Amino acid sequence: MATVQTTTLTDRKAIISGLNDEQRSAVETTEGPLLIVAGAGSGKTSVMTRRIAHLMNRGDDVDPWNILAITFTNRAAREMNERVEQLVGEAASDMWICTFHSMCVKILRREAERIGYQNNFSILDADDQVSTVKQSMLDLNYDLKKFDPAVVQWKISAAKNELLTPREWKRAGRKSLIDSVAATVYTEYQAKLVSSNAMDFDDLIFRTVDLFLTHPDVLKLYQQKFRYIHVDEYQDTNRAQYKLVRLLSDRHRNLCVVGDSDQAIYRWRGADISNIVNFERDYPEAVVIKLEQNYRSTGTILDAANAVIQNNSQRKDKRLWSAKGEGEKLAIYAALDQSDEAVYVIAKVQEHVANGGQFSDCTVLYRANAQSRAIEEAFLQAAMPYRIIGGMTFYDRREIKDVMAYLKALANPQDEISLLRICNVPKRGIGEGTIRRLLDFAHENELTLLEAMGRAQEAGLVGGAAETVQNFHTLIQGLHDMQEGMSVTDLLQQTLTRTGYRDMLETSHKEEDQNRLENIRELSTVTRSFDRRRRGALADFLAETSLLFDTDKETGKTDNAVRMMTMHASKGLEFPVVFMIGVEETLLPHARSLDTIEGVEEERNLCYVAITRAREKLHLTYCAERSLFGQCQLNDPSRFLSEIPPALTERSGADLQVQIRWGVGLSVRHPQFGVGVVTDLAGSGDDLELTITFSSRHGTKLVKPKLTRLRVIDGQ
DNA sequence: ACTTGCCGCATTTTT
DNA sequence: TGCGGCAAGT
């Protein structure tokens, strides 16, 4: 069966060329469980892809379809696919190199009937999830002010990540009020999903595990198929994903996981670090290989990263090193405020470009999306090309969601959630009351919402309302019936025209609606490319797009612009020049992570991830004064900054205030009281208190420099 | 049924 | 500071 090997790499030498000893041994240790502890930038993707090539090349009976490689992001999956293809050619297309979620969709599409679903099931996006939870809570007469649907949704998601059914969740342990509410809502929510023939992201994993547990024959099939299993970013797996991997690998036990617990930054999302920590306990025969040589960053950057991460407790000792040489020192800039911070970034980017660099070499990393605004404004003003990665994405846009909801409703007529979203968009006069009546009628008679709409009069609707609903039903039914044999692009066009959606935007005079039209046009280029690749299968198109984040597309572009993204979004990427902005207490570490040690340590991991993105030069900035949500804050520099050995850094900036020697006679400017002169000193350190005489209007005040933004006036 | 205005709130978010 | 959700008004 080894005839499929159209391998472009023919011998072992080529596969292992350029690898260090550890990497080579990771590539060649193919049998049994293997844990690769891969530090940042240690070439793990290279190791994974070559390992797969090696398996193909061994000359025994391993077939491409015996290979499974699971990643978390589409970007990682695509990258790995490309690189494997370069190594083994055509054979790559028979391997499963995909994300957890797309793997589960593939399996569930085949086996849906076995677990009470149809194979055209819908997939809810994050928004659908919250609105469905909300709907469930309304049905159960919960006060939405007392219990936040988003929190309830969060809890349900957490339960699913732990593979807990509503009943088990209810039973499990001590519960606060919101937990018991969530448990009740969970039941209702799940019933809604099932009757809509829909799954949320968490279900994709959960249901697959469920399928395997209840259908040993199916499990056996996949266990036999996947002889060699690889899991990337293993530190980010949650309980459900762990179970899934365990089940799949149970037969051959050729499980290779790659991860780095120092880069675990998704615990708040259910990622369970003990999965990687306990790997050796789960698989006593496991081989562990550490990759500590970093091929990305300068020695200085790595020293800083090592120094910071060392402050975390309970980590396995690991020390990244580089053969790249020392490189430049880290630049730490103390800004006065956000605009000063932005000006610094702009100046340094311009400097880099003036020295022959590209804008696209530079990336600005921040902790929270809200921070991007100040930088963005400054970039606009300075006419600096930039591109924001993440944040509001293409598929988050309302018009895209609306249109996708139409398509979802056409692919899966049971999809109540999508139908509810679009039945009155554009406005047709189908309001709250009408919907209520239809839903009640549907439930009483065990009909889907769409079916109920087809019997508007029976449902008790009268006159205009009945007619509108009936018309809507005819509209959807008509579109549904025509989809057979039609390309997704054509169906999209028909939908836009017949539903009046396009018309609604075209006749609008609002500028944002023109943008929306533009976005919809963009969507049809997406459908066209899908149609070119694969004909028909609307459900496949929908699954593909709902599992695909816009960020994935963006990073593929090579336009010459400064990138801006959150530190989370930067994981797995690398850039020659990195700016970490807002390296302040309450931002990094974030105020909401301060109450637990684990919280702070995860923030430190995030800091470590951000630092290790930089190849050549790293800038860290913080502001003495930051206005957030219109309020002025005085933040201390991040504790993580003080964990970096001073010898590795070069400080600059306005605020060297900590070192200012306060003395009588010094002239200062106070943000409220204006210019004044220090007339007395009391206390020391953080408690230092100055007596300052301002203009006669304000008189003499006691001021703590620690708490107030004072500027020393030069030339005095 | 739809529009307007006010209040409150505001991490990170691979899928 | 700016957006989204909700309640009162047309």
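Quick caveat: nothing in here was measured; it's all calculated off a predicted structure. No hydrogens, no waters, no symmetry mates; every other heavy atom, side chains included, goes into these values. Below, read A as the first sequence line, B as the second, and so on, with proteins coming before strands; counting in each chain starts at 1.
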(request) Nearest-nucleotide wise, let me know which of A/Leu204 and A/Leu606 is further upstream toward the 5' end of DNA chain B. (result) A/Leu606
(message) Measuring from the side chain of A/His568 (C-beta onward, heavy atoms only), which nucleotide among B/dT12, C/dC6, B/dT15 has the closest atom?
(response) B/dT12
(message) I want to verify the glycosidic state of B/dT11; is it syn or anti under the 90° rule?
(response) syn
(message) As a test of reading the structure: which of C/dC6, B/dT15, C/dG2 is closest to the side chain of A/His101, going by heavy atoms?
(response) B/dT15
(message) What is the distance, to the nearest angstrom, from the CG atom on A/Asp127 to the P atom on C/dC3?
(response) 16 Å
(request) Tell me whether the guanidinium CZ or amine NZ of A/Arg207 lies under 6.0 angstrom from the six-membered ring centre of A/Phe121 and within 45° of its axis. (result) no
(request) Mind calculating the distance between OH (A/Tyr366) and C1' (B/dT13) to the nearest angstrom? (result) 13 Å
Identify each atom pair where a protein N or O and an N or O of nucleotides 7-10 of chain C are less than 3.5 Å apart, giving names and distance.
from: C/dA7; atom 1: OP1; to: A/Lys145; atom 2: NZ; distance (Å): 3.3

(message) Nearest to the A/Glu603 side chain among C/dG2, B/dT13, B/dT11, which nucleotide is it?
(response) B/dT11
(request) Not counting sequence neighbours, list each pair that qualifies as a side-chain hydrogen bond (donor to acceptor under 3.5 Å, both in side chains) and has a residue in residues 363-374 of chain A. (result) A/Arg367-A/Glu603
(request) Please report, rounded to the nearest Å, how far the C1' atom of B/dT12 is from the CZ atom of A/Arg269. (result) 9 Å
(message) So for A/Arg75 and B/dT15, does any side-chain atom that can act as donor or acceptor lie under 3.5 Å from a complementary atom in the base?
(response) no
(request) Specify whether A/Tyr222 and A/Phe212 have parallel, tilted or perpendicular ring planes, treating 30° as the upper limit for parallel and 60° as the lower limit for perpendicular. (result) tilted
(request) Using a 4.0 Å cut-off on protein heavy atoms (strictly under), produce a 5'-to-3' string for nucleotides 1-9 of chain B with B for base contact, S for backbone-only sugar-phosphate contact, and - for none. (result) SSS------
(request) Round to the nearest Å and state the distance from A/Ile265 atom CD1 to B/dT15 atom P. (result) 13 Å
(request) May I ask you to check whether A/His568 and A/Trp268 place their ring centres under 6.0 Å from each other? (result) yes
(request) Tell me whether the OP1 or OP2 atom of B/dT13 has a side-chain N or O from A/Thr566 closer than 4.0 Å. (result) yes
(request) Round to a whole Å and report the spacing from CD of A/Glu512 to P of C/dG2. (result) 16 Å
(message) The side chain of A/Ala368 is closest to which nucleotide in this list: B/dT13, B/dT11, C/dG2?
(response) B/dT11
(message) Does A/Asp337 form a salt bridge (charged side-chain N to carboxylate O under 4.0 Å, His left out) with A/Arg626? I'd like the steps, not just the answer.
(response) CA-CA 5 Å; A/Asp337 53 31; A/Arg626 169 175 300 274; over 6 Å; no
(message) Would you say A/Asn369 places a side-chain N or O within less than 4.0 Å of OP1 or OP2 belonging to B/dT12?
(response) yes
(request) If the plane angle is over 60° it's perpendicular, under 30° parallel, otherwise tilted; pick one for A/Phe279 and A/Tyr234. (result) perpendicular
(request) Hey, could you give me the CG/CZ distance between A/Leu523 and A/Arg516, rounded to the nearest 0.5 Å? (result) 14.5 Å
(request) Kindly say whether, by distance alone, the side chain of A/Arg367 makes a donor-acceptor pair under 3.5 Å with the base of B/dT12? (result) yes
(request) Check the distance between B/dT11's C1' and A/Arg626's CZ and give it to me in whole angstrom. (result) 14 Å
(request) Side chain of A/Thr73 only, please: which of B/dT11, B/dT15, C/dC6 is the nearest? (result) B/dT15
(message) Which nucleotide wins on minimum distance to the side chain of A/Trp268, given the candidates B/dT13, B/dT15, C/dG2?
(response) B/dT13
(request) Look up atom CG in A/Asn275 and atom CG in A/Asp272, then write down how far apart they are to the nearest 0.5 Å. (result) 4.5 Å
(request) Round to the nearest Å and state the distance from A/Ile375 atom CD1 to C/dT1 atom C1'. (result) 17 Å
(request) Mind calculating the distance between NZ (A/Lys401) and P (C/dG4) to the nearest angstrom? (result) 11 Å
(request) Would you check if the distance from the ring center of A/His101 to the ring center of A/Phe72 is below 6.0 Å? (result) no
(request) Rounded to the nearest 0.5 Å, what's the gap from OG1 on A/Thr621 to CG on A/Asp340? Could you check? (result) 9.5 Å
(request) Would you mind classifying the nucleic acid contact of A/Phe100 as base, sugar-phosphate or nothing, using non-hydrogen atoms under 4.0 angstrom? (result) nothing
(request) Give the ring-plane orientation class for A/Phe379 versus A/Tyr386, where under 30° counts as parallel, over 60° as perpendicular and anything between as tilted. (result) tilted
